[in-house]
Amino acid sequence: MDEAQVVESKDGTISVASAFAGHQEAVQDRDHKFLTKAVEEAYRGVDCGDGGPFGAVVVCNDEVVVSCHNMVLKHTDPTAHAEVTAIREACKKLGKIELSDCEIYASCEPCPMCFGAVHLSRIKRLVYGAKAEAAIAIGFDDFIADALRGTGFYQKANMEIKKADGNGALIAEQVFEKTKEKFRMY
């Protein structure tokens with residue numbers, strides 16, 4: 001059997017070539033299959049008027065758990081992005097809040113809120129299609145990734161962010177200390 005080889009690309013990412021020749025092609029085909037479902041879901045959401053052109057699919061053991069699209073307009077909810085909706089539905093369907101045995105396929109690079117939801121749900125793998133700039137180019141401004149990247153040029157909203165001081169900060173911080181014995185996540 002051939003040994004695995006470490007391969008470094010021009011952009012500095014490192015991958016491991018598999019012991020059998022067709023492994024990378026099989027992964028690429030699998031990713032293409034589920035990403036295509038996410039893109040189809042994005043079209044479906046626009047066609048029915050539910051929201052923007054974003055779709056997401058949660059997969060577990062090579063089976064689609066849920067396939068969702070952006071529901072911002074339908075639910076009048078700015079947090080009802082495709083990835084968040086898919087994570088919510090997958091958690092309900094599987095009866096758990098931790099999806100470490102799942103993957104998510106998103107039609108577009110997740111915004112920080114969606115990435116945060118992916119991270120908090122412990123999803124083991126994220127595959128996305130389009131870069132955020134594709135959505136920004138047609139007017140979507142919810143990609144605060146721009147601000148995080150230091151290129152907040154596209155941001156339309158202006159918001160002051162301030163940490164509370166005095167009693168407000170103190171009582172808010174105390175809730176964690178006072179409830180730590182009553183609540184455990186994992």
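The stretch residues 24-50 participates, sequence neighbours left out, in these ring pair (Phe, Tyr, Trp, His ring centres under 6.0 Å) pairs: F34-Y105. For residues 73-82, every residue pair satisfying the salt bridge (Lys or Arg N to Asp or Glu O under 4.0 Å) rule, not counting sequence neighbours, is listed here: D77-R88.
A130 meets the side chain to side chain contact (heavy atoms under 4.5 Å, CB included) test with C108, A134; sequence neighbours excluded. Judged as a side-chain hydrogen bond (donor to acceptor under 3.5 Å, both in side chains), and not counting sequence neighbours, the contacts of S100 are E98. In this structure K93 satisfies the side-chain hydrogen bond (donor to acceptor under 3.5 Å, both in side chains) test with no other residue, sequence neighbours excluded. In this structure, the side chain to side chain contact (heavy atoms under 4.5 Å, CB included) partners of I171, at least two apart in sequence or on a different chain, are Q174. Applying the side-chain hydrogen bond (donor to acceptor under 3.5 Å, both in side chains) test to R44 and every residue at least two apart in sequence or in another chain returns E41. Here K92 pairs with E89 under the salt bridge (Lys or Arg N to Asp or Glu O under 4.0 Å) rule; sequence neighbours left out.
Chaining together hydrophobic side chains whose heavy atoms lie under 4.5 Å apart leaves M71 on its own. Through ILVMFWY side-chain contacts below 4.5 Å, V72 is grouped with nothing and stands alone.
Linking Ile, Leu, Val, Met, Phe, Trp and Tyr whenever their side-chain heavy atoms come within less than 4.5 Å leaves V66 and L35 in two separate clusters.
Atom CD1 of residue I97 and atom OG of residue S121 lie 10.0 Å apart, to the nearest 0.5 angstrom. With rounding to the nearest 0.5 angstrom, the CZ atom of R125 is 14.5 Å from the CG atom of D101.
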Under 3.5 Å, sequence neighbours excluded: what are the donor-acceptor pairs made by side chains of residues 55-62?
from: D62; atom 1: OD1; to: R30; atom 2: NE; distance (Å): 2.3
from: D62; atom 1: OD1; to: R30; atom 2: NH2; distance (Å): 2.8

